[in-house]
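Data first, discussion second: the structure below is written as structure tokens.
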Amino acid sequence: MRRFSIAVLPGDGIGPEVTAEALKVLRATAELFGHQVEAREYAVGAAGVAESGDALPPRTRDAVTEADAVLLGAVGDPALAAAEGNCRPEAGLLALRKLLGVYANLRPVAVHPALAHASPLRPERLEGVDLLIVRELTGGLYYGEPRSLGRDSAVNTLRYTVPEIERVARVAFRAAAERRGAVTSVDKANVLEVSQLWRETVARIGAEEFPEVALEHLYVDFAAMRLVADPARIDVLLTENLFGDILSDEAAVLCGSLGLLPSASIGDGSGLFEPVHGSAPDIAGRGVANPIGAIASAALLLRYGLRLPEAAAVVDRAVAAVLAAGVRSADIARAGEPTATTREIGDEVARRVLGGQPAEPALRGR
Ligand code: IPM
Ligand code: MN
């Protein structure tokens with residue numbers, strides 16, 4: 001029997017609700033495949049500040065480095081938005097990414113046929129959309145020094161080294177080689193020196209190591225337009241930290257809701273798996289959050305974190321079946337369509353993972 005240890009960091013807002021469902025699905029998968037999953041919960045974000053005055057408490061630090069993989073909900077609390085240093089929830093997430101060394105953030109965006117209505121884009125624009133954003137995650141403006149906030153001026157630093165660009169580029173090229181064989185690298189090389197280095201380095205890695213993968217370079221402003229004007233043309237979109245943050249929220253519009261999007265952050269050690277959405281304090285605790293982003297992140301945890309592609313495929317199929325059956329959280333329901341709670345959706349996915357019964361008619365939309 002294979003045993004895995006998973007550090008679960010529910011975090012803030014809707015984080016605990018959606019992680020509970022993701023964990024439920026992970027346990028169902030473990031049952032199906034006869035794996036033993038040991039999952040323990042640790043605080044991060046505002047929950048960490050409450051526990052120990054630190055958005056990434058020492059206990060959590062120790063646990064994540066020991067675990068085979070880390071499953072995270074969301075961080076963020078409006079009450080702490082102006083907090084400083086380690087008391088800002090977001091600082092805990094950034095410290096966690098740095099600690100784990102997860103330099104590549106994978107954000108797959110595919111459009112589920114049953115949900116085309118949920119996107120504001122015309123359905124014909126969405127046909128064939130299946131893209132992967134590879135976002136550099138531990139460098140750039142998020143981490144650059146010096147940084148400071150003064151009364152009359154503030155400073156952030158954009159710096160990338162060649163090895164930082166090379167390693168994330170390799171992740172993107174490798175992914176493209178297993179997909180449709182095309183990388184779109186996004187930068188602002190018409191203005192920024194860092195982008196010129198980015199472009200040069202990505203081009204060299206592509207030519208030397210992945211000659212079979214097609215490479216194009218786009219400026220970030222044009223890429224933002226391409227993402228909504230002709231998204232089906234993009235296979236793998238490779239970009240730096242801040243551009244990737246912005247473009248991935250934009251890409252969420254394609255699939256209909258930010259609540260559907262998962263992410264995998266990988267590096268040299270254990271991976272970090274979290275939905276793309278935030279803590280959504282406005283709907284927290286009401287059981288209406290969409291758990292699919294978190295559940296799909298659990299599937300990525302199985303695929304990239306534990307290297308169990310078959311188990312991951314079972315979860316992906318269960319999610320697709322639940323959506324096809326018309327089970328809808330509020331963010332993706334049509335007007336007047338019945339909605340399912342966070343827990344009901346998790347139950348439906350877990351049941352299908354175990355090969356159970358189809359959705360209850362009461363949970364099924366029209
Ligand atoms: C994300 C989030 C984070 C980021 C925030 C919460 C720090 O927006 O994962 O996309 O900007 O990376
Ligand atoms: Mn973001």
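In each ligand, atom 1 is the first atom listed, and ligand 1 is the first ligand listed. Counting begins at 1 with the first residue of the sequence.
Cation-pi contact between Arg159 and Tyr142: absent, since separation from the ring centre below 6.0 Å together with deviation from the ring axis within 45° is not met.
Between the CG atom of Leu115 and the CD1 atom of Ile332 there is a distance of 5.0 Å, given to the nearest 0.5 Å.
Taking the Mn ion (ligand 2) as reference, the nearest N/O/S atom within Asp245 carries the name OD1.
For the Mn ion (ligand 2), the N/O/S atoms of Asp249 include none lying under 2.8 Å.
A donor-acceptor pair is defined here as one N or O able to donate and one able to accept, closer than 3.5 Å; such a pair exists between the side chain of Glu17 and the backbone of Gly285.
For ligand 1, the protein residues within 4.0 angstrom (heavy atoms only) are Glu90, Arg97, Arg107, Arg135, Tyr142, Asp245.
A donor and an acceptor atom, one from each side chain of Asp68 and Ser270, are nowhere located under 3.5 Å apart. Side chain to side chain, Tyr160 and Glu136 meet the donor-acceptor criterion of an N or O pair below 3.5 Å.
With Asn290 as the partner, the side-chain hydrogen bond (donor to acceptor under 3.5 Å, both in side chains) test is satisfied by one option alone out of Thr339, Thr342, Asp331: Asp331.
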Asn86 and Arg88: CA distance, side-chain angles, deciding distance, side-chain hydrogen bond (donor to acceptor under 3.5 Å, both in side chains) verdict: CA-CA 6 Å; Asn86 290 351; Arg88 257 187 51 248; over 6 Å; no

